[in-house]
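Report on the structure given below.
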Number of protein chains: 2
Amino acid sequence: MELYREQGFDRTTAAEIAARAGVNERTFFRHFPDKREVLFDGEADLRAALTQAVAEAPAPLQPLDTLLWAFRKAGRILEDNRPFSEPRLAVIAVTPALRERELAKHASLIEAVAEALRQRDVPDRLAGLAAQTGWAAFHHAAQAWIDDPARSLDAHLSRAFDDLRALSGTAQEAKYAARAD
Amino acid sequence: MELYREQGFDRTTAAEIAARAGVNERTFFRHFPDKREVLFDGEADLRAALTQAVAEAPAPLQPLDTLLWAFRKAGRILEDNRPFSEPRLAVIAVTPALRERELAKHASLIEAVAEALRQRDVPDRLAGLAAQTGWAAFHHAAQAWIDDPARSLDAHLSRAFDDLRALSGTAQEAKYAARAD
DNA sequence: TAAGTAATGTCAGTCACTGGCGTCAAGTAG
DNA sequence: CTACTTGACGCCAGTGACTGACATTACTTA
């Protein structure tokens with residue numbers, strides 16, 4: 001992170017990172033499959049938290065409500081990690097190669113969430129769609145929360161999921177949801 | 001494509017591709033920024049078709065209906081290109097590096113669609129969410145269409161968007177939508 | 001403490017990609 | 001028709017991400 005922030009991702013070599021960490025370059029590549037992966041280490045935690053939260057959600061909830069519940073719960077990880085994830089996201093945002101990897105990670109998380117939904121007897125076809133849709137809302141909320149930390153992540157989540165529902169509703173509902181911030 | 005299909009993406013070098021095309025390796029990299037990009041050349045066409053279709057959609061439509069309309073229209077490009085895109089997708093599917101790039105392309109298309117929606121006065125916050133959500137449905141439909149070409153792409157699209165609506169509906173609606181295939 | 005195992009260092013090699021430079025072909029102005 | 005520009009291509013050398021093979025060191029455990 002230090003190096004990536006100082007000189008940018010593209011201009012820091014794997015050898016530099018290894019040196020800064022006090023190890024050999026070869027050793028670096030034994031810990032991380034590639035240069036990008038360094039920034040996506042906590043992903044396993046988030047995945048575990050998410051799938052577990054989906055599994056633990058109250059039984060009678062609808063797919064999207066299940067996801068909202070799960071995202072609220074897993075969101076605490078984000079809130080706790082904000083000091084770390086903020087510079088991290090800044091680096092990712094300005095590096096196309098890292099954005100690609102981020103999207104791949106998200107896709108993998110979405111698939112895990114979809115699978116967790118299927119375990120809850122959400123119909124197969126709906127599970128994938130619900131996971132992607134819910135994730136989109138989650139992602140929007142997280143982005144809004146980064147830009148505007150004054151509100152809680154939960155508040156941003158509620159709004160994003162309301163927007164989602166408004167999308168499938170009537171014109172009036174959609175416009176209403178848009179007007180109320 | 002020949003080489004990627006014969007020996008896989010990872011095991012074909014840029015030099016081989018260049019040789020097969022009868023040019024120098026350096027020339028290859030002057031035409032494509034990198035090895036992956038070769039498989040994503042038609043993207044500009046799809047983007048143009050999509051944004052134009054969104055712009056041309058009947059005025060009174062809701063965001064998601066606008067997208068359904070646009071995807072139907074742009075879907076013809078897919079139908080016409082099926083012989084090309086089928087082996088292409090097969091190669092992408094088995095190569096993580098290519099899947100990453102595909103996700104990046106999709107993200108870029110989604111952003112273009114979102115922008116097209118904003119041009120139609122879809123509220124800012126809703127546009128991004130609608131684009132991602134609609135794209136998810138489109139993608140599911142396209143995938144289903146690849147797996148089951150018996151039905152038309154339009155039919156798959158209708159079903160996917162119905163699923164989408166069912167997600168925001170009541171439990172009964174969702175289960176009903178799932179039962180009807 | 002000795003044997004075994006896992007982590008690290010060293011070295012050489014492959015390959016994607018880049019900058020610099022010379023060549024050659026196709027205009028284009030005069 | 002000629003001089004001049006422009007653009008596509010080939011050639012060469014270099015950087016840097018990774019990888020495999022093997023030696024070495026650190027750590028466990030009997």
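Every chain is numbered from 1 and lettered A, B, ... according to where its sequence line falls, protein lines coming before strand lines.
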Step by step, would you call Arg20(B) with Thr12(B) a side-chain hydrogen bond (donor to acceptor under 3.5 Å, both in side chains)?
CA-CA 11 Å; Arg20(B) 180 72 64 103; Thr12(B) 84; over 6 Å; no
dG9(C) base to Arg30(A) side chain: any donor-acceptor pair below 3.5 Å?
yes
Between Asn24(A) (CG) and dA17(D) (P), how many Å, whole number?
14 Å
Rounded to the nearest Å, what distance is computed from the CZ atom of residue Arg26(A) to the C1' atom of nucleotide dA17(D)?
12 Å
Parallel, tilted or perpendicular, as decided by the 30° and 60° cut-offs, for the rings of His106(B) and Trp135(B)
tilted
Pairs: protein N or O with nucleotides 13-16 of chain C N or O, under 3.5 Å:
{"residue": "dA16(C)", "atom": "OP1", "partner": "Ala14(B)", "partner atom": "N", "Å": "3.3"}
{"residue": "dA16(C)", "atom": "OP1", "partner": "Lys35(B)", "partner atom": "NZ", "Å": "3.3"}
{"residue": "dA16(C)", "atom": "OP2", "partner": "Ala14(B)", "partner atom": "N", "Å": "3.1"}

At under 4.0 Å, does any side-chain N or O of His31(B) touch on OP1 or OP2 of dC9(D)?
yes
Separation of Glu37(B) atom CD from dC17(C) atom P, in whole Å?
10 Å
Are side-chain N/O atoms of Arg47(A) and Ser108(A) paired as donor and acceptor at under 3.5 Å?
yes
Do Arg88(B) and Phe40(B) form a cation-pi contact, if we require the NZ or CZ to be under 6.0 Å from the six-membered ring centre and within 45 degrees of the ring's axis?
yes
Measure CD/Glu16(A) against C1'/dC18(D) and give the value in whole Å, please.
16 Å
For a quick check under 3.5 Å, do Gln132(A) and His139(B) share a side-chain donor-acceptor pair by atom type?
no
Between atom CZ in Phe28(A) and atom P in dC18(D), what is the gap in whole Å?
8 Å
I need the single residue from Phe71(A), Trp69(A), Phe161(A) that forms a ring-ring contact (aromatic ring centres under 6.0 Å, His included) with Phe138(A). Which is it?
Phe71(A)
Roughly, in whole Å, what's the span from CD1 in Ile17(A) to C1' in dG16(D)?
12 Å
